[in-house]
Amino acid sequence: MGSTTADAISFGIIPEARFEDVIAHLRENFFCDEPLNRAVGLCPHPGAPHAELESMSLSTMKQGLSLMATLGEEDRVVGVALNGVTQPGDLENAERQLANSPDPKFRRIFGLLNEANKELSLFERYNVDRIFELRIVSVDSSVRGRGLSNELMRRSLDLARCKGYQLIKADTTGRFSQKMAAQSGLEPIHTVMYDTYRDSDGKVIFPTSPPHDSLKIMVKLLQ
Ligand SMILES: CC(C)(COP(=O)(O)OP(=O)(O)OC[C@H]1O[C@@H](n2cnc3c(N)ncnc32)[C@H](O)[C@@H]1OP(=O)(O)O)[C@@H](O)C(=O)NCCC(=O)NCCS
């Protein structure tokens with residue numbers, strides 16, 4: 001069940017009945033705005049669908065660890081934290097699936113994320129057999145700047161703690177998510193500066209807009 005704050009925003013685990021509303025929210029607010037998606041022009045305009053992003057988002061929501069913030073009597077989805085669990089072998093499966101993706105822009109983005117994560121060997125490094133991943137944080141453009149994403153992060157960490165996870169991780173692709181993750185106590189363990197990540201012709205692969213200049217993989221160990 002959700003909880004209600006004075007400004008009529010409720011929080012709760014995303015139930016299956018709201019999956020399609022969350023996808024609609026992501027189409028409007030995340031697919032175009034996320035810094036790497038924007039840098040490569042993954043989605044042509046707000047509201048546009050993206051089959052693979054949607055399928056990834058749905059399988060994350062089905063794991064039952066994702067949170068939503070809803071507003072008012074209409075219970076409109078205004079923010080989400082899509083959280084998932086990663087286990088050994090998942091990265092290798094993701095790489096195999098990615099190789100079959102028909103969208104070169106999508107392959108470029110997840111190629112970078114998979115490559116960076118592979119290098120880190122997190123299961124061995126932290127001696128864990130599952131990782132709580134903060135995968136997507138997205139807030140409706142009409143209610144940004146009011147602390148909603150910080151609240152979704154805080155509640156996600158509480159959930160991870162409650163469920164007994166020892167390691168939390170976020171692949172933060174822009175300055176704001178890095179700031180939010182740092183405020184929740186995550187620390188960067190790996191950084192890729194976008195201006196150094198170039199193709200064989202020397203061209204920057206992700207020409208992000210300032211202030212988004214790097215990918216940082218950030219983690220927090222829970223007791
Ligand atoms: C990034 C995003 C989730 C922030 O949501 P939000 O509810 O507006 O964020 P908050 O109000 O909780 O602010 C979080 C921190 O980031 C900063 N921040 C967020 N958006 C900012 C902006 N446009 N300009 C400057 N700072 C910003 C805030 O100042 C705040 O830091 P503070 O606590 O020190 O003041 C939202 O802008 C969004 O959905 N963007 C598109 C999707 C995306 O990029 N998601 C992150 C990658 S997964």
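We count ligands from 1, going down the list as the structure has it; atoms in each ligand are counted the same way. This structure is a prediction, so every number in the text was calculated from the model and none was measured.
For atom 26 (N) of ligand 1, the closest heavy atom belonging to the protein is Phe176 CE2, 3.5 Å. Counting protein heavy atoms only, atom 34 (O) of ligand 1 is closest to Gln183 NE2, 2.8 Å. In terms of protein heavy atoms, atom 28 (C) of ligand 1 is closest to Lys179 NZ, 4.3 Å. Protein heavy atom at the shortest distance from atom 8 (O) of ligand 1 is Gly145 N, 2.6 Å. Summary of contacts: the protein heavy atom closest to atom 7 (O) of ligand 1 is Ser149 N, 3.0 Å. Shortest contact from atom 42 (C) of ligand 1 to any protein heavy atom: Phe30 CD1, 3.5 Å. Among all protein heavy atoms, the one lying closest to atom 15 (C) of ligand 1 is Met180 CG, 3.9 Å. Nearest protein heavy-atom neighbour of atom 11 (O) of ligand 1: Gly147 N, 2.7 Å.
For ligand 1, the polar-atom distance check against Pro35 finds no nitrogen or oxygen pair separated by under 3.5 Å. Of the N or O atoms in Ser177, none lie within a sub-3.5 Å distance of an N or O in ligand 1. Residue Ile136 places no N or O, backbone or side chain, under 3.5 Å from any N or O of ligand 1. In terms of polar-atom proximity, Arg135 is not counted as a contact of ligand 1, lacking any N or O under 3.5 Å from an N or O of the ligand.
Remark: ligand 1 atoms within the under-4.0 Å shell around heavy atoms of Leu148 are 7 (O), 12 (O). Each of the atoms 41 (C) of ligand 1 lies under 4.0 Å from some heavy atom of Asn29. The atoms of ligand 1 that sit less than 4.0 Å from any heavy atom of Glu34 are 44 (O).
Residue-environment remark: CD (Glu52) exceeds the threshold of 12 foreign heavy atoms within 6.0 Å. Shown here is Glu187, whose CD atom has no more than 12 heavy atoms of other residues, nucleotides or ligands within 6.0 Å.
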Step-by-step salt bridge (Lys or Arg N to Asp or Glu O under 4.0 Å) determination, Glu92 to Arg96: CA-CA 6 Å; Glu92 290 72 18; Arg96 276 192 290 276; over 6 Å; no
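Put simply, part of Ser138 is less than 4.0 Å from ligand 1, judged by heavy atoms.
Among all heavy-atom pairs drawn from Ser57 and Ile23, the shortest one is CB-CD1, 3.9 Å. Residue Ile131 comes nearest to Tyr165 through the heavy atom pair C-CD2, 4.2 Å, listed as atom of the first residue, atom of the second, then distance.
Contacts of Arg144 with ligand 1, taken as heavy-atom pairs under 4.0 Å, involve both backbone and side chain. At a heavy-atom distance under 4.0 Å, only backbone atoms of Arg146 (N, CA, C or O) approach ligand 1. Contacts with ligand 1 closer than 4.0 Å are made by no heavy atom of Thr172, backbone or side chain.
For the atom pair NE2 of His25 and CG of Asp21, the computed distance is 11.0 Å after rounding to the nearest 0.5 Å.
Proximity of a side-chain donor or acceptor of Gln178 to a complementary backbone N or O of Ser214 within less than 3.5 Å is detected. Thr172 places a side-chain N or O within 3.5 Å of a backbone atom of Lys216 that can act as its donor or acceptor partner.
Remark: the Asp103 side chain and the His50 side chain contain an N/O donor-acceptor pair separated by less than 3.5 Å. For the residue pair Arg175/Thr208, the side-chain donor-acceptor check at 3.5 Å is not satisfied.
For the side-chain hydrogen bond (donor to acceptor under 3.5 Å, both in side chains) with Arg135, the lone residue among Asn83, Thr86, Asp171 that qualifies is Thr86.
Nearest to atom 46 (C) of ligand 1 by heavy-atom distance, out of Leu134, Leu82, Asp33, Val137, is Val137.
Ring-plane geometry between Phe206 and Tyr197 is classed as parallel, the angle between the planes falling under 30 degrees on a 0 to 90 degree scale with a further cut at 60.
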